[in-house]
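Structure record follows, encoded as structure tokens.
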Number of protein chains: 2
Amino acid sequence: MPKPDGRRVPLNRDRVLEAGIALADAEGIAAVSMRRLGQALGVKGMALYNHVDNKQDLLDGMLDRIAEEIELPEGSRDWREGTRRRAVSAYTAFLRHPWSASLWTASITLGPARMRYLDTALRGLREAGFPPDLLDRAFHTIENHITGHALQALDFPLAPGEMRQIGEDYLRTFPAGRYPDVAAHIRHHLHHRGSGGGFEFGLDLILDGLERMRTAA
Amino acid sequence: MPKPDGRRVPLNRDRVLEAGIALADAEGIAAVSMRRLGQALGVKGMALYNHVDNKQDLLDGMLDRIAEEIELPEGSRDWREGTRRRAVSAYTAFLRHPWSASLWTASITLGPARMRYLDTALRGLREAGFPPDLLDRAFHTIENHITGHALQALDFPLAPGEMRQIGEDYLRTFPAGRYPDVAAHIRHHLHHRGSGGGFEFGLDLILDGLERMRTAA
DNA sequence: ACCTGAACACCGTTCAAGT
DNA sequence: ACCTGAACACCGTTCAAGT
């Protein structure tokens, strides 16, 4: 990225992370190698080590930027409403960046945005009166539902039209006699595409159950 | 693996898959490269291509063997009981093979054991009287809970004793002032290790909710 | 039929050298 | 202060050659 006078505007961490996200969004996380990302920034891959510690640090940094996109409702009087909005916001953030959900579950060290995410989520439950044990289980059940469903949704990374064609081709050779219920399941997905709402269905199921247990406790 | 007479007993697909699982269990999925797996079998990596199409085929094959370990209760009169046993069996299989859960969610082509798993799971719900729409959502909610929770549990792949020490060291430098609820959450996990049951807690929450909706439908 | 060696196009990472 | 070239120890995969 040469400036008018011909010299380069020097790289910085922010630009590296942004370019990493853009590259991962466009070509998948597998395309994000140090060399390839360097190339996208007009620089050799080794130059990136001036701005990130190593590749894991790069991925952690990218992921924390995704965490910044998640809405964190605070001070809502209804824990259910606040938790629901946060969960939907996290889910849609994962869908916007299809590579992010699997990194999210795999990462060990958390950046500041993810810490803030965790802290507000836990505080919301605590302030709603969940006792420690129930709080812990409630929290994990909710988080698992978010990441689990995001991963599932991303297993079919196909455009709606594309999806239908491939699905029908697939069904033609599918051993429907041996796996009749799987065949029916595929047909159901082909014909009810876009009905969506599977995520919110399960989420409400969980939140309703938790609310019942909260008032009982 | 030389025979008494000095010649090799030739490789086959089964032995390759078994060795792949053993290597992944012992040293993590990252250790499973064609060259490294070949070495574990006393052969050069290129020899494996006589028994698997490529690395993805190797991983798919390994995963289908894991699917074979999952108990599939059939003909149970109570869908809840059958589904519960299958879910717990799948969950524990993932825990036995810590690398398997993330591959499970990421794989596209399914082997025969996974097809059987899907088919019996879906049939159980259908025979219980779930209408197609509810069936589909119920199924995905359950599967997401299984894989989501397995992934979560594996994010802390530490022995109990090890866990406590590392956790306490971590807490000493943790900015508890800024993230008080995260700090409390970590403390809770350190002191209530082994209470477990988080998976089954959420599972029952989901199954109860689904049963309510089934009878209402 | 099965395995090997050499080759190709990639990886992450380090480090001395350049400006 | 920032970037590059060369190097090291790895990848998955192909293919002609060996037995």
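Quick note on labels: first sequence line is chain A, next is B, and so on, each numbered from 1. Note that these values count all heavy atoms, side chains included, but never hydrogens, waters or copies made by symmetry.
In this view, Thr147(A) and Phe94(A), Trp104(A), Thr105(A) satisfy the side-chain contact (heavy atoms from CB on, under 4.5 Å) rule, not counting sequence neighbours. Taking Gln39(A) as the reference, nothing meets the side-chain contact (heavy atoms from CB on, under 4.5 Å) condition, with sequence neighbours excluded. Contacts of Ala22(B) classified as side-chain contact (heavy atoms from CB on, under 4.5 Å), with partners at least two apart in sequence or in another chain: none. Checked against side-chain hydrogen bond (donor to acceptor under 3.5 Å, both in side chains), Arg116(A) has no partners two or more places apart in sequence or in another chain. Partners of Asp64(B) under the salt bridge (charged side-chain N to carboxylate O under 4.0 Å, His left out) rule, at least two apart in sequence or in another chain, do not exist in this structure. For Pro175(B), the side-chain contact (heavy atoms from CB on, under 4.5 Å) test picks out Arg178(B), Tyr179(B), with sequence neighbours left out.
Residue Tyr49(B) places its side chain closer to dT14(D) than to any other of dT14(D), dC3(D), dT4(C).
Here the OG atom belonging to Ser89(B) is positioned 7.5 Å from the CG atom belonging to Leu72(B), to the nearest 0.5 angstrom. Taking NE2 of His145(A) as the start and CG of Leu205(A) as the end, the distance is 8.0 Å to the nearest 0.5 Å.
With pairs defined as Watson-Crick or G-U wobble and both atom distances under 3.5 Å, the stems of at least three pairs that touch DNA chain C come out as C:4-8 with D:12-16, C:12-16 with D:4-8.
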Evaluation steps, side chain to side chain contact (heavy atoms under 4.5 Å, CB included), between Asn144(B) and Asn144(A): CA-CA 8 Å; Asn144(B) 290 336; Asn144(A) 289 337; over 6 Å; no
Short N/O separations, protein against nucleotides 15-19 of chain D, under 3.5 angstrom:
none

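Spacing between atom CG of Asn50(A) and atom P of dT4(D) amounts to 10 Å, rounded to whole angstrom units. Between Leu48(A) atom CG and dC11(C) atom C1' there is a gap of 14 Å when expressed in whole angstrom units. Look at NZ on Lys44(B): it is 13 Å from P on dC3(C), rounded to the nearest Å.
In the region residues 18-38 of chain A, proximity to DNA chain D at under 4.0 angstrom, judged on heavy atoms, holds for Arg35(A). Residues from residues 51-63 of chain A that place a heavy atom under 4.0 Å from any atom of DNA chain D, listed by number: His51(A).
Judged as a salt bridge (Lys or Arg N to Asp or Glu O under 4.0 Å), the pairs with a partner in residues 83-106 of chain A (not counting sequence neighbours) are, in order, Glu69(A)-Arg96(A), Glu71(A)-Arg85(A), Arg84(A)-Glu200(A), Arg84(A)-Asp204(A), Arg86(A)-Glu143(A). For residues 41-63 of chain B, the set of pairs meeting the salt bridge (Lys or Arg N to Asp or Glu O under 4.0 Å) definition, not counting sequence neighbours, comprises Arg13(B)-Asp57(B).
Nearest heavy atoms, Ala121(B) versus Phe139(B): CB-CE1, 3.9 Å. Nearest approach of Pro98(A) to Asp25(A), heavy atoms of both residues: CD-OD1, 4.4 Å.
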